[in-house]
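See below for the structure under consideration.
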Amino acid sequence: MSAVLDLKGVTVRRGTSTLLGGIDWQVNEGERWVVLGPNGAGKTTLLQILAGRSHPTSGTADLLGERLGRVDVFELRPRIGFSSAALAERIPGHERVRDVVLTAAYGVTGRWQEAYEEFDEQRAKDLLAAFDVADLADRHYGTLSEGERKRVQIARALMTDPEILLLDEPAAGLDLAGREELVAALSELAADEASPVLVLVTHHVEEIPPGFTHLLLMGNASVQAAGPIEEVLTADNLSAAFGIPLMVAHGGGRWLARAARPAGR
Ligand SMILES: Nc1ncnc2c1ncn2[C@@H]1O[C@H](COP(=O)(O)OP(=O)(O)OP(=O)(O)O)[C@@H](O)[C@H]1O
């Protein structure tokens with residue numbers, strides 16, 4: 001079985017900065033990955049490669065069996081769902097929620113004169129229902145709460161029935177109730193065998209949804225540890241990645257982390 005994502009020695013340089021230094025990573029069918037690490041670790045840069053929106057300076061990135069640099073990325077991108085704050089900013093506030101999801105079929109934001117099939121309309125409706133926002137379908141996107149927007153963004157990322165779904169900090173900016181609702185929705189997505197391979201980027205172990213299987217821990221532009229979540233998410237690994245002594249607890253499918261001793265002691 002070939003890997004869904006296969007990165008070998010992936011390095012990204014911008015000027016004199018190394019944003020990613022020699023990343024080796026394999027993701028297989030059915031896996032649900034969390035990419036965790038501190039600010040500036042290189043998580044967003046990595047996701048840009050996985051989304052086919054940026055190329056490595058050196059090394060090789062095979063996405064769905066296609067090598068970046070040799071494949072037409074415009075054919076590849078519909079096979080990879082992607083949700084990020086930067087993409088969300090492009091959604092016009094006056095767009096109807098149903099059209100925010102529907103227009104992903106053409107990879108555009110802002111409905112204009114595209115013709116959509118009944119099948120597309122139905123899929124957009126079903127996705128809104130799956131994320132519990134069906135009753136918002138006729139609202140303007142700009143009138144939604146942040147939590148509602150996040151769920152619409154994920155529904156949009158799934159519109160093309162992708163083989164991989166990349167989520168860059170989906171819980172950022174949510175209040176506690178919003179975060180918990182999103183974690184529950186992502187946990188359901190993880191449990192569904194029909195779901196694509198999932199890759200979720202976060203800074204916070206509290207945002208890891210139950211059912212996610214693997215963890216890539218990043219720090220200093222490189223992989224600190226990678227593998228099954230229970231093996232990798234240890235106090236030692238997390239402390240090394242974040243650069244302070246941390247404690248980790250696990251219960252009820254959820255994770256917690258805090259400083260091993262109060263700051264300043
Ligand atoms: N075009 C660029 N030129 C130089 N440095 C860059 C460029 N783009 C990003 N960086 C730097 O690369 C590093 C990694 O950035 P990246 O956004 O991938 O990190 P991240 O782990 O996603 O961080 P955060 O959690 O804060 O979003 C950061 O130090 C950032 O300042």
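Just so you know, ligand 1 is whichever comes first in the structure, and atom 1 is the first atom listed for that ligand. One is the number of the first residue; the rest follow in order along the sequence. What you are looking at is a predicted structure, and each value in this text was computed from that prediction instead of being measured.
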Any Ile164 side-chain heavy atom under 4.5 Å of Leu64 side chain: yes
Please could you name the atoms of ligand 1 that Asn39 approaches to less than 4.0 Å, counting only its heavy atoms? 23 (O), 24 (P), 25 (O), 26 (O)
In short, Pro196 meets Pro162 closest at the heavy-atom pair CB-O, 3.2 Å
Would you call Arg67-Asp62 a salt bridge at under 4.0 Å N-O? yes
Going by heavy-atom distance to atom 6 (C) of ligand 1, choose the closest among Leu19, Thr16, Thr202. Leu19
Would you say atom 31 (O) of ligand 1 touches the protein, meaning some protein heavy atom is under 4.0 Å from it? no
Inter-residue atom distance Leu238.CG - Gln224.CD, 0.5 Å rounding: 10.5 Å
Min heavy-atom dist Pro38 to ligand 1 below 4.0 Å: yes
Is there a heavy atom of Gly42 sitting under 4.0 angstrom from any atom of ligand 1? yes
Contact summary for Pro38 and Gly219, nearest pair of heavy atoms: CD-CA, 4.5 Å
Counting each atom of ligand 1 from 1 as listed, which ones have a heavy atom of Thr45 under 4.0 Å away? 15 (O), 16 (P), 18 (O)
Answer with yes or no whether Glu169 contacts ligand 1, where contact means a heavy atom under 4.0 Å from a ligand atom. yes
Should one rank Arg14, Arg13, His203, Lys43 by closest heavy-atom distance to atom 3 (N) of ligand 1, which comes out on top? Arg14
Consider every N or O of Ala41 and every N or O of ligand 1, then say whether any pair is closer than 3.5 Å. yes
What heavy-atom pair brings Gly93 and His140 nearest, and what distance separates the two atoms? O-CB, 3.6 Å
Can you tell me the protein heavy atom closest to atom 14 (C) of ligand 1 and the distance? Gly40 O, 3.4 Å
For the student: nearest non-hydrogen atoms of Ala235 and Ser239, plus distance: O-OG, 2.5 Å
Shortest protein contact, atom 17 (O) of ligand 1 (heavy atom only): Thr44 CB, 3.6 Å
From the list Thr213, Leu217, Leu36, Val34, side chain to side chain contact (heavy atoms under 4.5 Å, CB included) partner of Ile229 resolves to Val34
